[in-house]
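Here is the naming used below: chain letters follow the sequence lines, and residue numbers restart at 1 for every chain.
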Amino acid sequence: MTQIMRMSALYAPTLKEVPNDADIVSHQLLLRAGMMRKSATGLYSFLPLGWRVIKKIENIVRQEMDAIDAQEIMMPELQPSELWHESGRWDDYGPELMRMEDRHGHGLCLGPTHEELITDLVRNELKSYKQLPLTLYQIQSKFRDEIRPRFGLMRSREFIMKDAYSFHASQESLQQTYDDMSDAYARICERLGLDFRPVQADSGQIGGSVTCEYHALADAGEAELASCTCGWAANSEVAACLPHPTEYAETELKKIETPGVHTIAELAAFLNCPESSTVKAMVGKDAEGNPIALFVPGDHELNELKAERTIDGFALMSDEELEAAGLPKGSIGCVGLPQGVRIVADSSLQGIAHWVVGANEDGFHYVGAEQGRDFTVDVWADLCTVREGDTCPECGKPVSMCRGIEVGQVFQLGTKYSQNMGATYLDENGKEQPFIMGCYGVGVSRCMAAIVEQHSDEYGIAWPASVAPAHVCVLPLVVGDDVVQPVAERVARELAELGVEVVLDDRKERPGVKFAEADLMGWPLQIVVGKRGVANQELELKVRSTGEKSTISFDEYAEALAFAKRASKPIASFLEQAANVRMEAAVTTVRSQMK
RNA sequence: CGGGAUGUGGCUCAGCUUGGUAGAGCGCUGCGUUCGGGACGCAGAGGCCGCUGGUUCAAAUCCAGUCAUCCCGACCA
């Protein structure tokens, strides 16, 4: 039997009004429903209900990790600086790493992640290829001194994360675990009730690595995603989608006077053509300071991340540098550039023979600038930030844009840490080899916010049953009498005996308050016990996610109870039986969330 | 770190321009009336007006500094 939570004793202070400093739905509702409170910027305390949700999420993650033979451990949050010096990240990580000293002046940091610690943990014991592969994980608080913590749990300075690390003797073995992890992540998202997408992501500075982010789709998400009906999806930072520029109908190179025209919008309006018929120029420099002109279709933006990937040490030039190089901002083009300026252009422009570009002279543009005749592109590359309608690299259909919350990422690390930190094993030939590693993270507290973003309405949260702080809320509309309350107490007890998590609103509150707060807190199923119902020998059910209401008679309820007692999964089976009796569609929703 | 804004009972906010004994609603306590979708009446408790300094007979209000919070940007697991 599970414990009945009595609302009369529950510490869950609700707020009628929207807190001033919360501006996304999940943040507002988690505060309003009494699930958490802010302790300082980017630091939150979880109250009993919120903490129950966190534990539910953790357990789902734990089960899926255990199911793929990852083993749970627990490492310290406080870490010695030596290990970070060894990996090189004490200097590389930047101010986001929370550093401190102990009384002896010994350097420490609060762990933002645990690659160093885990590598150190295994390097002395894990010595033979026979012991590989090995996957370890933990669920604990992480610390990152974010420049700008915001959006409640979405980007906080202390947050709960599951981090897993795998060790391998071969790339094939790493790939196997990586695939297992990917599958587990998909199952985790499904069980959390998240509408999610695995998306291609930036592999960061670690070249050649394989990585995939798991995003919960939500407008409040910080990441912009491009996705296609064929299933392909990518973070806009990396999405390699081709724009489709259009050709301006002029094949002769003509210099035209364009007084006052400096922006693409002005140019397109001046020529009465779409922006996609113009070519936008940006000028940067490489690591040696050599100038490079980059060209993209006029209706697209240069993606600086992509430019950096194409050109070693790339940085855009400042206005002063442009002036010094004799380049008129707003009128730069590929014809008649100063000596030594290399031309890099977006691959999509390869098919456009004649360009509309600046004439490198204020107030003038060229039309009909022909590739090969009037200028030559040195390098073709993927340079654009993806836009709605660009071409999917997988199937060629137009992609659409949406926003996502990154709730997880899987990553093939390779040997970066094992090499830096001398973590090696002996292979079949007795030869020392660095471990091939993978790492895999799930933002547990961030998942909580993502779930609320996806499962809420004007009345409050509608938790998926898998993570709800309790499955059922029993609402006696009268307390202290000998008619309604005894029935509510009995129902709560019987459900609790079945293993159903029950909260009983035994407060002396008016019905309106109880209804409003039950909706706000988001219990998946409400069972209302009122004078009217008891008189008719029936209970009222309301499924929070659909809002559907129905009644079931005491007899039908008893039948559902008996059915559930015989079945192995009491919660689901109670609901299933209740569904058979009455509210099929509605309860099916709750039930499907329970698996 | 740049730009913008805000700090007044637990919460949401008014008052500040034009200095003169601190306000409302919600929440909280008590009593009464209510009681199927965040009730009503009466009576209460609760505030160094973020902090420090200045101007002034007098500062929530004007000035300076400082701290904190939020938003945008830069930055970034």
Q: For Asp163(A), is there an ion pair with Lys142(A) - N to carboxylate O distance below 4.0 angstrom?
A: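 Answer for the salt bridge query: yes.
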
Q: Has the side chain of Arg32(A) got a donor or acceptor atom sitting under 3.5 Å from an opposite partner on the base of G38(B)?
A: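 Under the 3.5 Å cut-off, the side chain and the base do form a donor-acceptor pair.
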
Q: For Arg446(A) and for Gln526(A), locate the closest nucleotide of RNA chain B by heavy-atom distance; then report the residue assigned to the nucleotide nearer the 5' terminus.
A: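 The residue whose closest nucleotide sits nearer the 5' end is Gln526(A).
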
Q: Going by the rule side-chain contact (heavy atoms from CB on, under 4.5 Å), which residues pair with Leu477(A) if we only count those two or more places apart in sequence or in a different chain?
A: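 Scan of Leu477(A) (side-chain contact (heavy atoms from CB on, under 4.5 Å), adjacent residues dropped) gives Pro511(A), Phe515(A), Val528(A).
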
Q: Paired with C62(B): which nucleotide, if any, by Watson-Crick or G-U wobble criteria at under 3.5 Å for both distances?
A: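 Base-paired to G54(B).
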
Q: Could you list all the side chain to side chain donor-acceptor pair (under 3.5 Å) pairs where at least one residue sits in residues 512-529 of chain A, not counting sequence neighbours?
A: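 Every pair satisfying side chain to side chain donor-acceptor pair (under 3.5 Å) with a residue in residues 512-529 of chain A: Thr14(A)-Glu517(A), Arg507(A)-Glu517(A), Asp519(A)-Gln526(A), Asp519(A)-Lys542(A).
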
Q: Does Val18(A) reach a base, just sugar-phosphate, or nothing at all? Heavy atoms under 4.0 Å.
A: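 The residue Val18(A) makes sugar-phosphate contact but no base contact.
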
Q: What integer number of Å spans the C1' atoms of G73(B) and U66(B)?
A: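 Here G73(B) and U66(B) have their C1' atoms 25 Å from each other.
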
Q: Measure from the side chain of Glu146(A), starting at C-beta and using heavy atoms only, and say which of G37(B), C76(B), G36(B) lies closest.
A: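 Between G37(B), C76(B), G36(B), the one nearest the side chain of Glu146(A) would be C76(B).
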
Q: Kindly determine whether Ser87(A) and Asn420(A) satisfy side-chain hydrogen bond (donor to acceptor under 3.5 Å, both in side chains), including the steps that lead there.
A: CA-CA 5 Å; Ser87(A) 72; Asn420(A) 283 179; 5.9 Å; no

Q: Assign a letter to each nucleotide of nucleotides 25-34 of chain B from its 5' end: B, base within under 4.0 Å of a protein heavy atom; S, sugar-phosphate only; -, no contact.
A: BSS------B

Q: Under 3.5 Å for both donor-acceptor distances, Watson-Crick or wobble: does U17(B) have a partner, and if so which one?
A: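 Partner of U17(B): none.
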
Q: G2(B) and U56(B): how far apart are their C1' atoms, nearest whole angstrom?
A: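 Nearest-Å result for G2(B) against U56(B) at atom C1': 37 Å.
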
Q: The criterion is ring-ring contact (aromatic ring centres under 6.0 Å, His included); which residues satisfy it with Trp90(A), sequence neighbours excluded?
A: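 Only His85(A) meet the ring-ring contact (aromatic ring centres under 6.0 Å, His included) criterion with Trp90(A).
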
Q: Over all strands shown, is Gly533(A) touching base, sugar-phosphate only, or nothing at heavy-atom distances under 4.0 angstrom?
A: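 Base, at least one base atom sits under 4.0 Å.
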
Q: Treat primed atoms plus P, OP1 and OP2 as sugar-phosphate and everything else as base, then score nucleotides 69-74 of chain B 5' to 3': B for base contact with protein heavy atoms under 4.0 Å, S for sugar-phosphate contact only, - for none.
A: SSBBBB

Q: Using a heavy-atom cut-off of 4.0 Å across all strands, would you classify Pro19(A) as base, sugar-phosphate, or nothing?
A: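 Result for Pro19(A) = sugar-phosphate.
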
Q: Name each donor-acceptor pair under 3.5 Å that joins a side chain in residues 438-445 of chain A to protein atoms two or more places apart or in another chain, with its distance.
A:
unit_1, atom_1, unit_2, atom_2, d
Tyr440(A), OH, Ser166(A), OG, 2.7
Ser445(A), OG, Ile160(A), N, 3.0

Q: Across the strands shown, which category fits Tyr93(A) at heavy-atom distances under 4.0 angstrom: base, sugar-phosphate, nothing?
A: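 Since only primed, P, OP1 and OP2 atoms lie under 4.0 Å of Tyr93(A), the category is sugar-phosphate.
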
Q: If you look at every strand shown and take non-hydrogen atoms under 4.0 Å, does Lys531(A) touch a base, only sugar-phosphate, or nothing?
A: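 Base contact.
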
Q: Hey, could you give me each pair passing side chain to side chain donor-acceptor pair (under 3.5 Å) that has a residue in residues 180-189 of chain A? Not counting sequence neighbours.
A: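 Checked against side chain to side chain donor-acceptor pair (under 3.5 Å) - neighbours excluded - the pairs reaching residues 180-189 of chain A are Glu64(A)-Arg187(A), Lys162(A)-Tyr185(A), Gln176(A)-Asp180(A).
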
Q: Between C11(B) and G54(B), how far is it from one C1' atom to the other, in whole Å?
A: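 Their C1' atoms lie roughly 34 Å apart.
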
Q: Enumerate the residue pairs fulfilling side chain to side chain donor-acceptor pair (under 3.5 Å) with a member in residues 473-488 of chain A, sequence neighbours excluded, ordered by first and then second residue.
A: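 Residue pairs passing side chain to side chain donor-acceptor pair (under 3.5 Å), neighbours aside: Gln485(A)-Glu489(A).
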
Q: How would you list, by chain and number, every residue that makes a ring-ring contact (aromatic ring centres under 6.0 Å, His included) with Tyr44(A), sequence neighbours excluded?
A: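 Per chain and number, Tyr44(A) pairs via ring-ring contact (aromatic ring centres under 6.0 Å, His included) with His27(A).
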
Q: Are Glu538(A) and Arg532(A) within salt-bridge range, i.e. N to O under 4.0 Å?
A: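 Salt bridge between Glu538(A) and Arg532(A), a charged N being under 4.0 Å from a carboxylate O: no.
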
Q: List, one per line, each side-chain donor-acceptor pair under 3.5 Å for residues 217-225 of chain A, sequence neighbours excluded.
A:
unit_1, atom_1, unit_2, atom_2, d
Glu222(A), OE1, Arg155(A), NE, 2.9
Glu222(A), OE1, Arg155(A), NH2, 3.3
Glu222(A), OE2, Arg150(A), NE, 3.4
Glu222(A), OE2, Arg155(A), NE, 3.4

Q: Could I get the full list of side-chain contact (heavy atoms from CB on, under 4.5 Å) partners for Ala449(A), not counting sequence neighbours?
A: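 side-chain contact (heavy atoms from CB on, under 4.5 Å) list for Ala449(A), sorted by chain: Ser26(A), Leu153(A), Met154(A).
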
Q: Report the residue (Glu213(A) or Arg532(A)) whose heavy-atom-nearest nucleotide on RNA chain B is the more 5′ of the two.
A: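 That would be Arg532(A).
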
Q: Go ahead and name the base partner of C1(B); Watson-Crick or wobble counts if both distances stay under 3.5 Å, otherwise write none.
A: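 Base partner found: G73(B).
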
Q: So which protein nitrogen or oxygen atoms get under 3.5 Å of nucleotides 40-42 of chain B's nitrogens or oxygens?
A:
none

Q: Specify the separation, in whole Å, of atom CG of Leu15(A) and atom C1' of G38(B).
A: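 After rounding, the gap between these two atoms is 13 Å.
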
Q: Between P on C11(B) and CZ on Arg37(A), what's the gap in Å once rounded to a whole number?
A: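 Rounding to the nearest Å, CZ of Arg37(A) and P of C11(B) are 9 Å apart.
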
Q: Taking any strand in view, what nucleotide pairs with A68(B) in a Watson-Crick or G-U wobble way, both distances under 3.5 Å?
A: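 Pairing partner, where one exists within any strand: U6(B).
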
Q: What integer distance in Å separates Asn235(A):CG from C76(B):P?
A: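 Interatomic distance, CG of Asn235(A) to P of C76(B): 14 Å.
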
Q: Using the P atom on both, measure G50(B) against U8(B) and round to a whole Å.
A: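 Result for the P pair: 6 Å, nearest Å.
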
Q: What is the pairing partner of G41(B), taking Watson-Crick or G-U wobble pairs with both distances under 3.5 Å in any strand?
A: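 Matched G41(B) with C31(B) under the 3.5 Å cut-off.
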
